[in-house]
Amino acid sequence: DFYAWTQAQAEALRQRGRSGNALDYDNLAEEVGDMGKSEVDAVESLALNILVHLIKIECSLREEPKAHWRAEIVAFRKGWRRKLSPSIRTILAADLESLHVDAFEIVHAQFAAEEPNALPLDETRRWILTDVLGE
């Protein structure tokens, strides 16, 4: 029971081990590390979705979905504002190129079926981090 374990570990930390609750150091260290990785994964997933939508907005010949894509970009940006720390921002900046590559691959797959007459994808197009973040 992961939840019960986390609560027991939190209580042991609060008690500094005085109440007989033993800290599970190895698993605690692994879980704390995984929590940090999951925060990075969440922010990178949101950034990837933003890039996909930015590409679609530029390349789609249809106007009707563009408002929806813009609204989703706003929602994605709101989703990560609580998660974006200075260290995660640095990681995101370092991974931005690979996120662009992945985003173009996703748009290719989607547009092949949904919008075969879309404007050609300019796969050299890049957005800087502040544009992705909406800053």
Side-chain angles (χ1 to χ4, degrees):
D1 183 340
F2 180 70
Y3 177 76
W5 176 83
T6 62
Q7 299 311 296
Q9 294 303 295
E11 184 56 31
L13 285 167
R14 284 187 208 94
Q15 296 294 321
R16 316 278 193 281
R18 291 186 298 254
S19 66
N21 293 336
L23 288 171
D24 183 356
Y25 288 102
D26 291 338
N27 286 325
L28 190 57
E30 185 174 332
E31 291 301 328
V32 169
D34 286 348
M35 286 170 47
K37 289 177 193 169
S38 70
E39 291 290 301
V40 171
D41 290 345
V43 170
E44 286 191 336
S45 176
L46 292 166
L48 177 62
N49 283 315
I50 289 170
L51 287 169
V52 166
H53 284 62
L54 289 170
I55 295 166
K56 286 179 173 184
I57 289 167
E58 275 199 4
C59 297
S60 178
L61 296 175
R62 298 180 307 146
E63 286 302 315
E64 66 274 5
K66 290 183 181 184
H68 174 74
W69 293 332
R70 286 185 186 96
E72 285 191 326
I73 288 171
V74 170
F76 295 142
R77 286 175 175 155
K78 288 194 176 296
W80 73 11
R81 290 219 167 95
R82 291 178 285 274
K83 297 179 181 296
L84 190 63
S85 66
S87 59
I88 292 177
R89 185 185 182 104
T90 301
I91 293 167
L92 185 60
D95 292 345
L96 198 54
E97 175 59 27
S98 67
L99 291 169
H100 275 91
V101 171
D102 291 349
F104 277 107
E105 186 176 327
I106 291 167
V107 173
H108 266 294
Q110 290 176 344
F111 274 16
E114 297 170 12
E115 205 167 330
N117 297 325
L119 298 173
L121 299 179
D122 176 7
E123 294 194 34
T124 63
R125 173 73 163 99
R126 295 296 183 261
W127 285 266
I128 60 173
L129 185 59
T130 56
D131 291 336
V132 177
L133 297 174
E135 298 175 337

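Any value given below was found using the heavy atoms of this structure, including those in side chains, with hydrogens, waters and symmetry copies removed.
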- Item | Glu72 and Asn49, any side-chain heavy atoms less than 4.5 Å apart | no
- Look only at the side chain of Arg77 and the backbone of Leu46, and say whether a donor-acceptor pair between them is shorter than 3.5 Å. no
- Query: Under 4.5 Å between any side-chain heavy atoms of Leu61 and Glu115, yes or no?
  - Reply: yes
- Straight-line distance of Leu48 CG to Asp41 CG, nearest 0.5 Å: 12.0 Å
- Query: Has Lys78 got more than 12 heavy atoms of other residues, nucleotides or ligands less than 6.0 Å from its NZ?
  - Reply: no
- Item | Where Pro120 and Cys59 come nearest, the two heavy atoms and their spacing | O-SG, 4.1 Å
- Query: Should Leu133 and Trp80 count as side-chain neighbours, where that means a heavy-atom distance under 4.5 Å?
  - Reply: yes
- Residues two or more places apart in sequence or in another chain: which of them pass ring pair (Phe, Tyr, Trp, His ring centres under 6.0 Å) with Phe76? His53
- Task: Check for a donor-acceptor pair, side chain of Lys83 on one end and backbone N or O of Glu39 on the other, with a separation under 3.5 Å.
- Result: no
Using residues 91-111 as the side-chain source, report each donor-acceptor pair under 3.5 Å to any protein atom, sequence neighbours left out, with the distance given to one decimal.
{"residue": "Glu97", "atom": "OE1", "partner": "Arg126", "partner atom": "NE", "Å": "2.8"}
{"residue": "Glu97", "atom": "OE2", "partner": "Arg126", "partner atom": "NE", "Å": "3.4"}
{"residue": "Glu97", "atom": "OE2", "partner": "Arg126", "partner atom": "NH2", "Å": "2.8"}
{"residue": "Ser98", "atom": "OG", "partner": "Asp95", "partner atom": "O", "Å": "3.0"}
{"residue": "His100", "atom": "ND1", "partner": "Leu96", "partner atom": "O", "Å": "2.9"}
{"residue": "His100", "atom": "NE2", "partner": "Trp127", "partner atom": "N", "Å": "2.9"}
{"residue": "His108", "atom": "NE2", "partner": "Glu123", "partner atom": "OE2", "Å": "2.3"}
{"residue": "Gln110", "atom": "OE1", "partner": "Lys56", "partner atom": "NZ", "Å": "2.8"}

- Task: Quick one: closest heavy-atom pair of Arg89 and Thr130, and the distance?
- Result: NH2-CG2, 4.0 Å
- Message: Check for me, please, whether Val74 and Leu54 land in the same ILVMFWY cluster - side-chain distances under 4.5 Å, paths through other members count.
- Response: no
